[in-house]
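We name chains A, B, ... by the order of the sequence lines, and we start the count at 1 in each one.
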Amino acid sequence: MGISFDRALGIHAQALEVRVSRAEVLANNLANADTPGYKARDIDFQAMLGQQMDGQLEMATTNGKHLPVGGLASEDSLKYRVPTQPSLDGNTVDTQMETAEFTKNVMDYQASFQFLNGRFKGLSAAIRGE
Amino acid sequence: MIMSLNSIFDIAGSGMAAQSIRLNTTASNMANANTAASSTGEVYRAKKPVFAAVQFQTLNEMHNAGVGSVGEESQGVLVKDIVESDAPLDMRYEPHHPLANEEGYVIYPNVNIVEEMTDMLSASRGFQTNVDVMDAAKTMMQRVLSLGQ
């Protein structure tokens, strides 16, 4: 009976991946904080993690010309943020809020990382028989 | 996954570049705020950068070349153009000024110092935010490297 990494690591590997994608989206919002007409976006963590968890929902591609459906940051988990206040240039980025979300996301990333690291530590302890 | 973190570096880097261009135009505007001229053609006009989000198309090309990562959306920001302000010029009646024209007017640039100062603060804060984002991405990357240790 071999070790199934998927089962041993649980949800944490996917969670870490989603956290990275979310960091990317939030970094993009912050970079475009002064771009006229830019609409802030965010990832629906729940929806995206669900998508990551059941890989069966992904469509099979049997031809090189098929477009992949789903996967990371697909359109249905990437949403537009509801603006908190109107702005003259159509930009919906609230730098303070985005920075807070980004920091929160980094903390969540570290939490997911700790869990994942713990799983690995557990595995190596089991292998060494300590 | 690491690929994604790399693109945060690109995004924050593009933000820093854009903000420093903005700071550059502000510095130029303030330095030339009192540069007089005798005709409207040769007078300095306030320069303003135009920011635009890097569009999906560019990313898609990258994606096809196999170097793109995640996104369906824009990746960073770029300075599309630097335009000259069309605010009214400052005409001052100074007949003894060496650059005065026949009617005795000297033309000063349409630079608004107050506006430039706020622009400067906003650009420097924006730059700072992007530096913080890059720093956070760096920490995240270092954490991944220590996985399992």
Side-chain angles (χ1 to χ4, degrees), chain A residues 9 12-14 16-43 48 68 71-80 89 91 93 95-96 98-99 102-103 105-107 109-110 112-114 116-124, chain B residues 1-19 22 48-55 59 63 69-80 119 122-123 125-149:
Chain A
L9 301 180
H12 305 303
Q14 279 99 338
L16 207 63
E17 240 172 281
V18 178
R19 289 293 173 205
V20 170
S21 309
R22 182 148 188 257
E24 193 184 335
V25 174
L26 296 178
N28 205 19
N29 287 346
L30 285 168
N32 283 296
D34 293 314
T35 307
Y38 179 83
K39 307 289 178 217
R41 306 198 80 176
D42 197 0
I43 280 174
M48 188 146 162
L72 278 182
S74 66
E75 285 301 326
D76 34 312
S77 53
L78 198 57
K79 304 231 165 79
Y80 287 100
D89 62 355
N91 185 304
V93 179
T95 311
Q96 281 71 36
E98 298 292 340
T99 313
F102 188 85
T103 314
N105 189 56
V106 170
M107 297 313 286
Y109 173 89
Q110 286 184 358
S112 286
F113 179 86
Q114 291 290 352
L116 191 63
N117 212 14
R119 294 292 172 103
F120 272 118
K121 279 200 178 125
L123 276 178
S124 61
Chain B
M1 190 167 82
I2 300 294
M3 199 62 223
S4 251
L5 275 172
N6 262 330
S7 71
I8 297 183
F9 277 81
D10 293 342
I11 292 167
S14 75
M16 280 152 76
Q19 297 294 356
R22 186 163 163 221
K48 300 277 171 202
V50 181
F51 285 3
V54 175
Q55 276 314 308
L59 178 79
H63 208 82
S69 63
V70 184
E72 263 77 10
E73 254 307 295
S74 72
Q75 297 269 297
V77 60
L78 59 87
V79 177
K80 204 164 67 178
D119 239 18
S122 168
R125 290 280 176 240
F127 190 89
Q128 218 170 322
T129 311
N130 281 297
V131 171
D132 287 347
V133 167
M134 203 183 252
D135 195 47
K138 193 190 93 187
T139 318
M140 285 161 90
M141 236 166 170
Q142 276 172 339
R143 295 223 117 201
V144 173
L145 288 178
S146 73
L147 188 66
Q149 276 172 14

What pair of heavy atoms forms the shortest contact from B:Val133 to A:Ala27, and how long is it? CG1-CB, 3.6 Å
Does A:Tyr38 reach the main-chain N or O of B:Ala53 with its side chain, forming a donor-acceptor pair under 3.5 Å? no
A:Tyr109 and B:Val144: CA distance, side-chain angles, deciding distance, side-chain contact (heavy atoms from CB on, under 4.5 Å) verdict: CA-CA 10 Å; A:Tyr109 173 89; B:Val144 173; 2.7 Å; yes
Answer key: most heavy-atom pairs under 4.5 Å with chain B among A:Thr95, A:Leu30, A:Leu26, A:Thr99 is A:Leu30
Please name the pair of heavy atoms, one in B:Gly15 and one in A:Ala31, separated by the smallest distance, quoted to 0.1 Å. CA-CB, 4.2 Å
Residue A:Glu98 versus chain B: region with a heavy atom under 4.5 Å: neither
With B:Ile11, which of A:Asn28, A:Asn29, A:Val25 fulfils side chain to side chain contact (heavy atoms under 4.5 Å, CB included)? A:Asn28
At a heavy-atom separation under 4.5 Å, does A:Gln114 approach chain B through its side chain, its backbone, both, or neither? side chain
I'd like to know if the side chain of A:Asn117 reaches the main chain of B:Leu147, judged simply by a donor and an acceptor atom lying under 3.5 Å from each other, with no hydrogens or angles considered. no
Residue pairs involving residues 133-148 of chain B (criterion side chain to side chain donor-acceptor pair (under 3.5 Å); sequence neighbours excluded): none
Heavy-atom pair count under 4.5 Å with chain A, highest-scoring of B:Gly126, B:Ala52, B:Ala137: B:Ala52
Here the gap from B:Met140 atom CE to A:Arg19 atom CZ, rounded to the nearest 0.5 Å, amounts to 9.5 Å
A:Asp34: which residues meet the salt bridge (charged side-chain N to carboxylate O under 4.0 Å, His left out) condition with it, sequence neighbours left out? B:Arg22
The interface call for A:Ala23 against chain B, heavy-atom contacts under 4.5 Å, is both
